[in-house]
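The structure under discussion appears below in the form of structure tokens.
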Amino acid sequence: MRNTWKKTAAFLLAFTLAAVPLSQTGVKGGLFGKVGIVAHAEDVIWSDGTIINTDTVINGNVSVSSGADVEIAGNAVVIINGDLTLQPGFWEQDDFDGDWVSTDIDVFTGNSPLLIINGNLNLGSHSCLNGCRKPHFFVTGSISGNGTCYNNETFTTSLQNISFTRVTDGTSYFTDGNGKKYVLNGSSFVPMVETVDISTATVNLGADNSVASITVGDDTITDLSGFDITYGVSDTDHTATSVPSAAGTYYAYVTVKDTNTSYTGTAKSDSFEIVSLTGSGTQEDPYLINSLVELATYANVDEYAAGSYIQLTADLVCDGDFLVTKSSHIMLNGHTFTSGSFTVNNDVEVAVYDGIINAPITNNGLVTVLGGTVNGAITNNNVFLINNATISDAITNNGNINMFGGTVSGNITCSD
């Protein structure tokens with residue numbers, strides 16, 4: 001570095017600017033806490049006394065004038081998407097002798113400035129690019145010429161058309177020409193891992209009101225091992241880790257675990273109802289079912305024992321598929337139950353009395369239809385009985401078929 005009055009004056013000016021907050025030196029806050037960036041889309045010449053103390057992206061080549069002294073100051077990030085050339089210095093004669101006036105860029109004034117040369121560095125004779133005591137500038141291409149550079153580092157990765165976004169309340173990041181985000185890790189650009197807020201995600205409940213999955217944007221997450229799931233009556237009262245059985249209105253909450261670095265926040269389901277059923281569950285005093293909520297309560301709350309009698313007191317329509325997981329006697333009592341399908345779990349016994357089921361029945365247990373009509377095919381992998389019933393479609397069975405009266409309007413297939 002040459003010892004001229006111009007270099008001393010430039011250094012003092014840079015020191016003064018570095019002591020002033022960037023908001024007072026021309027940098028304005030942008031949307032969402034982002035700080036504005038000066039951008040150039042053509043070749044640039046840096047002349048003597050140039051001080052850059054704002055984030056700057058130059059999409060072109062930069063040339064530093066012969067004998068110029070340039071400083072990257074403050075905590076500015078300067079990106080050159082092109083080549084940087086420091087012109088050769090020159091000999092300056094005075095009355096007694098003379099001295100070389102070098103071409104210099106200093107990248108160390110202020111907090112932590114950074115110069116990224118996304119291209120080649122050409123150093124003319126008697127020129128110097130100085131990163132001071134630690135690397136403050138990086139070169140993605142080659143370094144050539146007779147000049148010198150100190151404390152530089154060569155990138156092990158490079159990006160096309162790098163830009164920079166400074167976020168005042170989060171992680172600042174670099175962006176390539178395809179819009180992908182990166183952070184600087186040592187001498188490499190690494191993809192930025194962004195956490196996704198799930199507070200607006202959709203919580204999908206199963207038939208038993210337990211959390212089956214959450215939908216975040218276009219993605220549905222079924223592996224919930226990275227989340228804590230709780231149930232409760234309000235945002236401040238949801239400590240239960242299983243679906244409540246007491247009557248009431250509840251919500252399911254999905255909260256990101258501390259070990260899950262991909263997501264943040266808590267998602268909340270729509271409300272669901274747990275009701276108290278009328279009746280005692282005997283054949284003489286069955287549980288009375290007037291809604292799908294009451295039917296789901298019977299099916300999923302342990303208080304209502306398997307093998308109980310339930311009686312529909314209204315026609316019910318299930319928009320999806322109906323899964324029976326508890327042995328039961330379903331007394332339709334002349335009412336109609338409509339569903340996409342009527343599926344019975346293995347080892348579950350279901351007796352259907354006097355009514356209409358508008359759904360195909362798939363069964364791994366035992367189905368007994370005593371009177372009434374099934375408008376759909378019946379497929380069974382075990383044993384079922386049909387007694388005085390009307391089946392409007394085929395019966396496919398891998399077990400026994402016992403018919404005591406009734407009508408089947410379709411083929412009957414029995415493998416045993």
[X] side chain near [Y] side chain, heavy-atom distance below 4.5 Å:
X      : Y      : result
Leu316 : Ile289 : yes
Ile105 : Leu84  : yes
Leu114 : Phe138 : yes
Ile229 : Tyr253 : no
Tyr309 : Ile330 : no
Leu370 : Asp354 : no
Phe272 : Val293 : no
Ile378 : Val367 : no

Of all the heavy-atom pairs spanning [X] and [Y], show the shortest one and how long it is.
X      : Y      : answer
Ser269 : Tyr251 : O-CD2, 3.4 Å
Gln283 : Met331 : O-CE, 4.3 Å
Gly376 : Ile391 : O-CG2, 3.9 Å
Ala212 : Gly206 : CB-N, 4.1 Å
Ile162 : Val57  : O-CG1, 3.6 Å
Ile198 : Ala267 : O-CB, 3.3 Å

Within the side chain of [X], is there an N or O that forms a donor-acceptor pair under 3.5 Å with the backbone of [Y]?
X      : Y      : value
Ser172 : Val167 : yes
Ser339 : Phe342 : no
Thr56  : Thr54  : yes
Ser65  : Gln87  : no
Asn61  : Gly82  : no
Ser262 : Thr195 : no
Asp176 : Gly179 : yes
Asp48  : Asp69  : yes
Ser409 : Ser392 : no
Lys180 : Met192 : no

**Study point:** Stepwise side-chain hydrogen bond (donor to acceptor under 3.5 Å, both in side chains) test for His238 and Thr230
**Key:** CA-CA 6 Å; His238 55 92; Thr230 54; 2.8 Å; yes
Establish, from distance only, whether the side-chain atoms of [X] and [Y] form a donor-acceptor pair under 3.5 Å.
X      : Y      : value
Glu71  : Thr50  : no
Thr249 : Glu273 : yes
Asp285 : Ser280 : yes
Asn204 : Thr215 : yes
Ser127 : Thr103 : no

Check your understanding: Should Ile116 and Phe164 be marked as a side-chain contact (heavy atoms from CB on, under 4.5 Å) after you check the CA-CA gap, both sets of side-chain angles, and the distance that decides it?
Key -> CA-CA 11 Å; Ile116 296 177; Phe164 177 71; over 6 Å; no
Exercise for review: Let me know which of Asp315, Thr373, Thr338, Thr336 forms a side-chain hydrogen bond (donor to acceptor under 3.5 Å, both in side chains) with Asn358.
Suggested key: Thr338
Revision key, fill the gap. Given the options Asn81, Asn118, Asn161, Asn59 meets side-chain hydrogen bond (donor to acceptor under 3.5 Å, both in side chains) only with Asn81
Exercise for review: Could you go through the side-chain contact (heavy atoms from CB on, under 4.5 Å) check for Thr85 and Asn120 one step at a time?
Suggested key: CA-CA 8 Å; Thr85 299; Asn120 301 316; over 6 Å; no
Exercise for review: Report the residues that fulfil salt bridge (charged side-chain N to carboxylate O under 4.0 Å, His left out) with Lys268, sequence neighbours left out, ordered by chain and then residue number.
Suggested key: Asp235
Quick one: pull up [atom1] in [X] and [atom2] in [Y] and give me the separation to the nearest 0.5 Å.
X      : Y      : atom1 : atom2 : answer
Gln311 : Leu277 : CD    : CG    : 13.0 Å
Asp393 : Ile361 : CG    : CD1   : 11.5 Å
Phe227 : Leu224 : CZ    : CG    : 6.5 Å
Leu205 : Ser210 : CG    : OG    : 7.5 Å
Gln160 : Thr140 : CD    : OG1   : 8.5 Å
Lys326 : Glu349 : NZ    : CD    : 15.0 Å

Practice item. Report the C-alpha separation of Leu129 and Asp106 in whole Å, then their side-chain angles, then the decisive distance to 0.1 Å, and conclude whether the side-chain contact (heavy atoms from CB on, under 4.5 Å) test is met. Key: CA-CA 6 Å; Leu129 203 166; Asp106 295 324; over 6 Å; no
Point to revise | Pairs involving residues 67-86, ordered by first then second residue, that meet ring pair (Phe, Tyr, Trp, His ring centres under 6.0 Å) (sequence neighbours left out) | key: none
Exercise for review: Determine, using ring centers only, whether Tyr173 and Tyr182 are less than 6.0 Å apart.
Suggested key: no
Exercise for review: Would you please indicate if the ring centroids of Tyr250 and Tyr231 are separated by under 6.0 Å?
Suggested key: no
Review point. Considering the options Ile72, Asn53, Ile52, which one meets the side chain to side chain contact (heavy atoms under 4.5 Å, CB included) requirement together with Pro113?
Key: Ile72
Point to revise | Pair Ser144-Asn122, side-chain hydrogen bond (donor to acceptor under 3.5 Å, both in side chains): steps then yes or no | key: CA-CA 5 Å; Ser144 62; Asn122 306 308; 3.1 Å; yes
Check your understanding: Does NZ or CZ of Lys181 lie under 6.0 Å from the centre of the six-membered ring of Phe174, at an angle within 45° of the ring axis?
Key -> no
Practice item. Go through Trp46 and Ser63 one step at a time and tell me if the side-chain contact (heavy atoms from CB on, under 4.5 Å) criterion holds. Key: CA-CA 6 Å; Trp46 288 345; Ser63 177; over 6 Å; no
